[in-house]
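Quick notes on the structure that follows.
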Amino acid sequence: MVIIWLLYRNTYPEAVKLLELYAGVGAVLGHNYPFYAKLKGGKGIACSVGIVFASDWRMVPICAVLFFLAVVPTGFMSLGSLAILSGFFVQTIVFGQLGFLKVGADFLIELYVVTGILTGLAFFQHRGNIKRLASGTENKFRPKKKDEGKEG
């Protein structure tokens, strides 16, 4: 995303945010479906969080708050991951409408659609977690205590 910004910030200033987002989505797709691992990869959350950081720093605190509001009371990391991407999607629309993203009007709808696809992809990759959440069998995050893991 930084390389796209460096290459196109002066030639396509109204579209550079959208071009950056496409680059980020490419990174997520490469993480989720690596050809060298028979298209079996991760869930793309780390790459997606990188997209949030690279898109607009003002989105980071709200996404962080959403993450902790989802994880701390429930213990479900998957819920926190989905909260981050949902918050990013909503903020992209709000920030875009307010003009904070400096995206040309011709590119706003496409920006929203691509962000929606990124969010939808996160939900798709977490479909197993969502089923386990619904059935009450999802694993909770539990930080290890200092004494855990040490033999007596």
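Scope of the values below: all heavy atoms of this structure, side chains included, with no hydrogens, waters or symmetry mates.
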Same hydrophobic cluster for F107 and V114, using side-chain heavy-atom links shorter than 4.5 Å among ILVMFWY?
yes

Could you check whether K140 makes a cation-pi contact with F76, meaning its NZ or CZ is under 6.0 Å from the centre of the six-membered ring and within 45° of the ring axis?
yes

Is it the case that one hydrophobic cluster holds both L66 and I130, taking links as side-chain heavy atoms less than 4.5 Å apart, direct or via other members?
no

Roughly how far apart are S48 OG and L118 CG, rounded to 0.5 Å?
4.5 Å

Count I, L, V, M, F, W, Y as connected when their side-chain heavy atoms are under 4.5 Å apart, and connections chain through other members. Are F141 and L79 then in the same cluster?
no

Heavy atoms only: give me the nearest L101-G96 pair and the separation to one decimal.
CD1-N, 3.8 Å

Measuring only between side-chain heavy atoms, which start at C-beta, is Y112 closer than 4.5 Å to I109?
yes

Residues N32 and G44: closest non-hydrogen pair is OD1-N, 2.9 Å

How far does CZ of F89 sit from CD1 of I117, to the nearest 0.5 angstrom?
10.0 Å

Can you measure from CG (L108) to OG1 (T92) and round to the nearest 0.5 angstrom?
10.5 Å

Co-membership, hydrophobic cluster, residues I45 and F68, 4.5 Å side-chain:
yes

Do you know which two heavy atoms are closest between Y33 and L39, and how far apart they sit?
O-CD2, 3.3 Å

Would you say E20's side chain and I4's backbone share a donor-acceptor pair under 3.5 angstrom?
no

Residues, nucleotides or ligands: over 12 heavy atoms within 6.0 Å of Y12 OH
no

Shortest non-hydrogen contact from C47 to H31?
SG-CB, 3.8 Å

Output for pair (H126 NE2, R132 CZ), nearest 0.5 Å, gives 9.5 Å

Find the distance between CG (L18) and OH (Y22) and round it off to the nearest 0.5 Å.
5.0 Å

Could you tell me whether the side chain of K43 reaches within less than 4.5 Å of the side chain of S81, counting heavy atoms only?
no

Are V65 and F67 connected in the hydrophobic side-chain network, where two residues link if heavy atoms are under 4.5 Å apart?
no

Would the number of heavy atoms belonging to other residues, nucleotides or ligands and lying under 6.0 Å from CD1 of I3 be above 12?
no

In terms of heavy-atom contacts, G24 and M1 come closest through N-CG, 3.8 Å

Value for OG1 (T115) from CG (L21), rounded to nearest 0.5 Å, stands at 4.5 Å

Check whether any side-chain heavy atom of V52 sits under 4.5 Å from a side-chain heavy atom of Q91, and report yes or no.
no

Hey, does the side chain of R58 reach the backbone of F95 with a donor-acceptor pair shorter than 3.5 angstrom?
no

Of all heavy-atom pairs between V25 and I51, which one has the smallest distance, and what is that distance?
N-CD1, 3.9 Å

